[in-house]
Amino acid sequence: MNENQITGHPFKKGAPLPFKDKLKETLGMTENLKNQPRQLDKNYDPLQIEDKWYKFWEDEGCFAADPKAEGDHFSMVIPPPNVTGSLHMGHALNNLLQDILARYHRQQGRNVLWMPGTDHAGIATQNVVERQLAAEGLERHDIGRERFIERVWQWREESGGTIINQLKRLGSSCDWSRERFTMDEGLSKAVREVFVTLYEEGLIYQGDYIINWCPRCHTALSDLEVEFEEHNNGKLWDLEYPLADGGGSIIVSTTRPETMLGDTAVAVNGEDERYSDLIGKEVILPLMNRRIPIIADDYVDREFGSGAVKITPAHDANDFEVGVRHKLEIIKVMDEKGLMNENAGVYAGLTREVCREQVISDLNELGLLPATQDYQHNVGHCYRCQTIIEPYLSNQWFVKIKPLADRAIAAVKDGETRIIPKSWEKTYFNWMENIRDWCISRQIWWGHRIPAWYCDACGKMIVAREDPDCCPECSSSNLRQETDVLDTWFSSGLWPFSTMGWPESTETLKKYYPTSVLVTGFDILFFWVARMMMMGLKCMDEVPFKDVYIHALVRDEHGHKMSKSRGNVIDPLVIIDQFGADALRFTLAAFAAQGRDVSLSEARISGYRNFVNKLWNAARFTLMNLEGFSPDVAIENRNFSLAERWISHRLNQTVGEVTSALDEYRFNDAASALYQFTWHEFCDWHLELAKPDLFQREDEVRRTTAQAVLYRTLEQIIRLLHPIMPFVCEEIWQTLPRSAAAPKSIMQTTFPKVTLESDDALAAQEMAQVMEVITAIRNIRGEMNLSPGQRLEAVIKGSDENAINALQRNSDCIANLARLTSLTIAKDAQRPPQSAAGLAAGLEIFVPLAGLVDFAQEATRLAKELKKTEKEFAGVSNKLNNEKFLAKAPPEIIEKEQGKHQELEHKLEKLRVNIRTLEQVTES
RNA sequence: GGGCGGGUAGCUCAGUUGGGAGAGCACCGGCCUUACAAGCCGGGGGUCACAGGUUCAAGCCCUGUUCCGCCUACCA
């Protein structure tokens, strides 16, 4: 049987060690297993169980929110992924963090709603279906609007569920029964309600302005949907415009010479003496031979270029403003596809790019191109298709945003909504305070059609909640609906309440709005978060969320952005197949420090996969040793061993750490506290310490106590880990024995709580001494290259009676973990001849090594230790010799330093003695 | 142009009111040890970007310099 084939793991496994399994058989382990409840396989295989438990949770209704349920509630709305999308690491991180919160708050007994759904992503989705049509040799206009929209819905039926299923593979515990889509009937109704209301209040208006036009998508875009990119191959051309009166010329500079065909003025600064006598005169626009005026406007910067600017009101936002101020003629020279139109004279029909070449060469021929220089400047690109954006004059719909923004600013300033990490508040304010009106109309077909109608008879425009049959003005039934649709983000802005049934006043809305937290990436802070704030305050009169948690980007292991072109994309689904969802989840959580990007690599995920396996094996060990155990037997009055008191104390502390970390969105702190405790305390120490108690058969009470503590600790660990690693924890939990009163799923267990009784500082202190001694002996073993199989003796002496007593009480543990045949602990113990020496817990430890090692090696080891200690001692001494330190530092710090000083002094003395003794041994 | 974040071990990064520099991975040595070689035990490794300052005490606070990211902006 080949394990690699079963698990699909592509890594090499160590060569099989057949005798090991034989060994277990001879020891009767397989025989023992028959008496046990259930056992786990040796290696954790996520593929075997993940789908099973996900289905179980869904079938049991574990994700369902109940607005009628009592108690505190906790609610979130998912940032709806594009319906066209498929899961990438950004989604994985975003949804993981939400899922951790949802599962955590459920365990805290809260009534949780996590509202899922998808976004119709107007332009992106339209592009996808257009590409499909193109493959069939068709354009959308060939089949018409209605059939095109049908095609989009059909496509959505077929593949719109993809991303939802991928979210499920990750483990997302959304209430899927409530799944919404921004184009759903209910949400569409909300959109229309908001549009009409804002229109009626004068907050939506229609008008001719310069907007960002994508000639390829064939639509207007909002300012946010334009991505600026530095072009360093740009040029700045000087153009010479002759004066109409023949008295010379004026030079203007431009990066876009093709727009000169639409120039209707040349502007200079009114204060600029160089041009004062030209103001009011006219120039002849070359190539077009049109007379245009020279005007004065403050907009012109005298320092830049020649100090004169060509004005093209139809193709530049600033020029448009100038044009309005000076009532200039507006001439469009391009059409909606980015081709030059009839106003461009002989250039009509050329593309923008070709026209530019032609204009340059024609001007050059006329001698009107005095200079050209290389020039770096920013060029806007369409965020969906990267085509260069054209500032374009057209009739569009806008939201007057200032009044909405003011409230959204106030809500954050007043603390109604907290932005976490707080550093993002500044960005939020900065954007909100400088916000400009929002262009919401799009000239595409897929989206919410604007509820406005034009009467062909009398020209009246009607904006209405219900489709009108006839014109209220002239009763004509000759009505045409506006063909534009709304910006997708208009409907996304309503998401926190539209998904809950608004504008109806539903129970869900009453219970769960405002939501507790929104978890999202900073890339959509303006696009989405800011707009939800504005819309929520406007429509609900209340903020949409109390907290906004902004997480970082997922990058590759070197901090580079993942991109297809770079080839460094890590596909979460491939990772889930390979390592399991829990490993991916834990990795992301462990790296999700606030305000810092997540650097991800397969190696890291495989590292955390090892952690999953470690947990798995700890559970496996526990199960192997629970023979005869029942979770319902009370153990409160038993005598606990030091190890048991200590692990309970540490578990209790870990509960506290994890709880406060999750309450404060410090996901990485929660993950590392659990990692540290589970692996390096529970597995490395407690399991080893518990073994003798579990394996012996003489003292039944001791054995069952050890079982109970082991069981309890593990069971609490998997509850704590459940929000981060739900699958493996459920599998373990379901395999462990449970009391009859236990719920059906670990999802429904309560999150462990910090208890006063478990606090046991004494045990912690004593355990620290034991661990220190064990480590010291192991250190000698390690540095001397003595194999673990080599049994040793040890002698411990010292004047600290408390420490001696503590170690004597725990001598079995020490002997066991340090692998000793005998251990002598006494105040007046003798140093054995030819022994290695160590210091721990203020005591001296000797390990007789006669005949075992080369003592020169021991001398080196001690010399190293001495050097280290001397350095440390010098540091502390310096401090204590500093009078200012003694005068000004708080007493507890001074006391601490003094204690340290004494301890180190003692240690140095012992070390020196040991080195001398060793020298004598070696000499003799 | 404006703003924000960052520079800590070979790599990726933690470091919560200033008080003994940490983790994971990588590396070196030892190891089949009655859960786990996806493991166990031990170990080495840092002028906390640079320069000043405040302080008894600075990775942390202040000033400046430098390098790297990101966001934002209508300079033709």
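Numbered from 1 within each chain, the chains take letters A, B, ... in sequence-line order.
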Please tell me which of the listed nucleotides, [options], lies nearest to the side chain of [X]?
X	options	answer
A:N613	B:rA76, B:rA38, B:rA35	B:rA38
A:R555	B:rA76, B:rC41, B:rG69	B:rG69
A:N779	B:rC56, B:rA38, B:rG42	B:rG42
A:K426	B:rC41, B:rC4, B:rA76	B:rC4
A:R819	B:rU33, B:rC40, B:rC56	B:rU33
A:Y675	B:rC25, B:rC13, B:rU33	B:rC25
A:K614	B:rC75, B:rC36, B:rC11	B:rC36
A:R436	B:rC74, B:rA35, B:rG19	B:rC74
A:F885	B:rG19, B:rA38, B:rA76	B:rG19
A:D684	B:rA38, B:rC41, B:rG24	B:rC41

Round to a whole Å and report the spacing from [atom1] of [X] to [atom2] of [N].
X	N	atom1	atom2	answer
A:Y44	B:rA38	OH	P	18 Å
A:E225	B:rU72	CD	P	13 Å
A:W616	B:rA37	CH2	P	15 Å
A:L880	B:rA57	CG	P	15 Å
A:K42	B:rA35	NZ	P	11 Å
A:N378	B:rA76	CG	P	8 Å
A:N785	B:rG30	CG	C1'	6 Å
A:I780	B:rG29	CD1	C1'	17 Å

Hey, is A:K907 close enough to A:E865 for a salt bridge, meaning N to O under 4.0 Å? yes
One thing to verify: whether A:R703 and A:D693 come together as a salt bridge, which I'm taking to mean a side-chain N less than 4.0 angstrom from a carboxylate O. no
Interatomic distance at [atom1], [N] relative to [M], whole Å:
N	M	atom1	value
B:rC68	B:rC27	P	31 Å
B:rA26	B:rG39	P	9 Å
B:rG24	B:rG53	C1'	37 Å
B:rG59	B:rU54	P	16 Å
B:rC60	B:rC70	C1'	24 Å
B:rG30	B:rA35	P	24 Å
B:rA58	B:rG19	P	11 Å
B:rG10	B:rG44	C1'	13 Å

[N] - base-pair partner by Watson-Crick or wobble geometry, distances under 3.5 Å:
N	result
B:rG45	none
B:rG5	B:rC68
B:rC40	B:rG30
B:rG24	B:rC11
B:rA73	none
B:rU55	none
B:rG18	none

Measure the spacing between CG of A:N878 and CZ of A:F873 and express it to the nearest 0.5 Å. 10.0 Å
Over all strands shown, is [X] touching base, sugar-phosphate only, or nothing at heavy-atom distances under 4.0 angstrom?
X	result
A:A887	nothing
A:E872	base
A:D301	base
A:S672	nothing
A:L886	nothing
A:P890	base
A:V876	nothing
A:W237	nothing
A:A603	nothing

Are the side chain of [X] and the backbone of [Y] linked by a donor-acceptor contact shorter than 3.5 Å?
X	Y	value
A:R666	A:V658	no
A:Q707	A:E627	yes
A:R781	A:Q790	yes

[X] side-chain N/O to [N] phosphate OP1/OP2 under 4.0 Å:
X	N	answer
A:W679	B:rC40	yes
A:Y375	B:rA76	yes
A:N610	B:rG39	yes
A:H680	B:rG24	yes

So does A:K900 reach the base of B:rG20 with its side chain, donor to acceptor, closer than 3.5 Å? yes
Quick check: on RNA chain B, is the nucleotide nearest A:N668 upstream (toward 5') of the one nearest A:I893, or the reverse? Name the residue that is more 5'. A:N668
When the nearest nucleotide of RNA chain B is assigned to A:T427 and to A:E664 on a heavy-atom basis, which residue is associated with the more 5' position? A:E664
If you count the non-hydrogen atoms of other residues, nucleotides and ligands that lie under 6.0 Å from CD in A:E892, is the total more than 12? yes
Pair A:R555, A:N568 - check side-chain hydrogen bond (donor to acceptor under 3.5 Å, both in side chains), show working. CA-CA 9 Å; A:R555 296 172 177 278; A:N568 60 349; over 6 Å; no
Taking side chain as C-beta onward, heavy atoms only, is A:E225 less than 4.5 Å from A:N212? no
Option passing salt bridge (charged side-chain N to carboxylate O under 4.0 Å, His left out) with A:K864 (candidates A:E783, A:E858, A:E870): A:E783
